[in-house]
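First listed ligand is number 1; within each ligand, the first listed atom is number 1.
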Amino acid sequence: MASLIPVGIAGLGRYVPERKLTNYDLEQIVDTSDEWIVQRTGIRERRIAAPEEVTSTLALAAAQAALADANMAADEIDLVLCATVTGDQPFPATACRVGHDLGATRAGGFDIAAACSGFVFASQIAAGFVQSGQFRNVMVIGAEVLSRILDYEDRNTCVLFGDGAGAAIYTSLERAGRGEYLGGSVSMEGGAEAILAQPGGGSRHPASKDSIEQRLHFMKMGGTRVFRFAVRVFAELVQKVVDTYGRDQIGVIVPHQVNQRIIEAAMDQVGLPMDLAFINIDRYGNTSAASVPIALREAYDAGRMEKGKLVLMPAFGAGMAWGHVLLRW
Ligand SMILES: CC(C)(COP(=O)(O)OP(=O)(O)OC[C@H]1O[C@@H](n2cnc3c(N)ncnc32)[C@H](O)[C@@H]1OP(=O)(O)O)[C@@H](O)C(=O)NCCC(=O)NCCS
């Protein structure tokens, strides 16, 4: 068997819509308060796509930023992967629209529907393609316009989520010169549709007058069960990396920005200080597949990547599904 090509990250990009929806704005919409939201989640505001923006608009802007960061031309991209559960439409894939708009004329593309784990799963697909030599440059995007599937009559969900996009280009380590891909994981516990889902619109509950009346096209969530699940798998993922590499090797943890309290509880369980984690949930809320790549770019801009140290990205969400990606910067 031919030896694997070492993989790195050539470019990082992010884009968030202009419009901010603050907790005080939400107080005018549902029975909630800034105090409740900040105490339970750490979120202060989130971004909301403009009416003319769709998921591919956000994804395109993040992808363009990643290309600029990598000093790479669009026609050098071989594959576009878009992780999203709020694509422009059920099909065709949003990745095909983004590839077209980007000018990625040689690329193929497809979407990955893994909710909040989407970016870390897509990253592992990308790394595998580059390692094998099948593709040289893979654009991985996480993009969501969750505001279009949120029920602004349901205070349990609408305060938690926001819109945005982030992107990373996986290529050979030789070209990238940074962000060596060390590996990752993909896990699931199926059959959990009742805990976190958008029930309507698929083959189980196709769009109908009934499905609309029952508000099945909006996200539904059992918050407490998700909370417990997230703390458990987050702590397990981080513990494994600590056991394998040693605590002192970890430079920064860039987790799925799910909830400040979940991140604090998991870090506490593993015995790691919070300042090892990069957090931006106060400004964006949970942006599902977009959360890790947005945070990754912001951690990079904030100088949080330490040369030679590990960058750990744990993610978890609907499915239930969870996994991680590990880089050495
Ligand atoms: C949703 C979440 C913040 C709730 O926190 P919690 O500590 O479990 O909630 P509590 O038990 O303290 O409070 C629940 C009460 O708050 C109420 N509540 C829910 N949302 C509220 C809001 N936005 N404002 C005010 N009250 C709210 C509920 O109706 C419930 O009231 P009740 O007891 O009268 O029925 C928390 O469970 C959570 O973050 N879960 C994970 C959700 C998540 O991140 N999902 C995405 C995963 S990828």
Side-chain angles (χ1 to χ4, degrees), residues 21-46 83-86 112-121 142-144 146-147 149-164 166 186-190 192-199 218-237 254-268 277 279-295 313-324:
L21 183 70
T22 67
N23 293 348
Y24 298 106
D25 296 329
L26 281 164
E27 285 179 1
Q28 310 304 313
I29 302 172
V30 285
D31 181 14
T32 191
S33 67
D34 173 62
E35 193 192 356
W36 192 96
I37 300 171
V38 172
Q39 269 184 8
R40 301 299 202 294
T41 71
I43 302 166
R44 292 181 186 277
E45 60 188 35
R46 64 292 286 143
T84 185
V85 289
T86 52
I112 284 123
C116 304
S117 310
F119 176 79
V120 302
F121 291 1
E144 304 283 8
L146 291 163
S147 59
I149 64 160
L150 287 176
D151 185 348
Y152 285 96
E153 292 181 12
D154 176 13
R155 66 179 183 174
N156 289 295
T157 50
C158 73
V159 304
L160 301 176
F161 299 91
D163 303 336
V186 174
S187 302
M188 68 174 176
E189 278 168 13
E193 291 86 354
I195 305 179
L196 182 56
Q198 180 190 10
F218 292 122
M219 185 196 299
K220 312 280 181 214
M221 188 185 70
T224 311
R225 290 174 71 188
V226 176
F227 193 100
R228 287 200 206 104
F229 153 81
V231 174
R232 172 171 59 84
V233 300
F234 183 173
E236 280 170 13
L237 285 171
V254 183
H256 169 43
Q257 305 290 312
V258 57
N259 175 321
Q260 176 93 19
R261 277 197 309 151
I262 290 175
I263 298 170
E264 280 171 4
M267 294 291 282
D268 186 54
I279 310 279
N280 62 9
I281 191 164
D282 50 322
R283 286 174 290 136
Y284 306 125
N286 178 346
T287 57
S288 193
S291 102
V292 172
I294 292 174
M313 295 173 266
F316 27 82
M320 306 308 279
W322 67 98
H324 78 285

How close does the nearest protein non-hydrogen atom get to [atom], and which residue and atom is it?
atom                    : answer
atom 11 (O) of ligand 1 : Thr224 OG1, 5.0 Å
atom 6 (P) of ligand 1  : Arg261 NH2, 3.7 Å
atom 46 (C) of ligand 1 : Asn286 ND2, 3.6 Å
atom 30 (C) of ligand 1 : Arg155 NH2, 4.6 Å
atom 12 (O) of ligand 1 : Arg40 NE, 2.9 Å
atom 15 (C) of ligand 1 : Trp36 CZ2, 4.6 Å
atom 44 (O) of ligand 1 : Val258 CG2, 3.2 Å
atom 45 (N) of ligand 1 : Met221 SD, 3.1 Å

Contact with ligand 1 for Cys116, non-hydrogen, under 4.0 angstrom: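 Cys116 counts as a contact of ligand 1 under the 4.0 Å cut-off.
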Gap between atom CD of Gln198 and atom CE of Met221 - 0.5 Å precision: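 It comes to 14.5 Å.
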Using a distance threshold of 4.0 Å (strictly less than), state whether [atom] has a protein heavy-atom neighbour.
atom                    : value
atom 8 (O) of ligand 1  : yes
atom 23 (N) of ligand 1 : yes
atom 35 (O) of ligand 1 : no

Salt-bridge present (Glu189, Arg232; N to O < 4.0 Å):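 So Glu189 pairs with Arg232 through a salt bridge.
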More than 12 heavy atoms of other groups within 6.0 Å of Arg44 CZ: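 Result for CZ/Arg44: open.
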Atom OH of Tyr152: over 12 foreign heavy atoms under 6.0 Å: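 Yes, because the 6.0 Å sphere around OH of Tyr152 holds more than 12 heavy atoms from other groups.
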Thr32 N/O to ligand 1 N/O under 3.5 Å: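 It does: an N or O of Thr32 is found under 3.5 Å from an N or O of ligand 1.
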Any side-chain donor near an acceptor of the partner, Thr86 and Glu144, under 3.5 Å: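 Checked: Thr86/Glu144 side chains pair up, N/O donor to acceptor below 3.5 Å.
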Closest candidate by heavy atom, reference atom 3 (C) of ligand 1, pool Thr41, Ile195, Asp31: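 Nearest heavy atom to atom 3 (C) of ligand 1 lies in Thr41.
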Flag, side chain of [X] to backbone of [Y], donor-acceptor distance under 3.5 Å:
X      : Y      : answer
Asn23  : Ile43  : yes
Arg155 : Val30  : no
Ser291 : His256 : no
Asp268 : Ala265 : no

Give the atoms of ligand 1, by number and element, whose distance to some non-hydrogen atom of [X] is under 4.0 Å.
X      : result
Phe316 : 48 (S)
His256 : 48 (S)
Val159 : 23 (N)

Partner residues of Glu264 under the salt bridge (charged side-chain N to carboxylate O under 4.0 Å, His left out) criterion, sequence neighbours left out: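 With neighbours one apart ignored, the set is empty.
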Region of Asn259 engaging ligand 1 - heavy atom pairs below 4.0 Å: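 Answer for Asn259: side chain.
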Any Thr41 side-chain heavy atom under 4.5 Å of Leu160 side chain: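 When only atoms from C-beta onward are counted, Leu160 and Thr41 do touch, with a gap below 4.5 Å.
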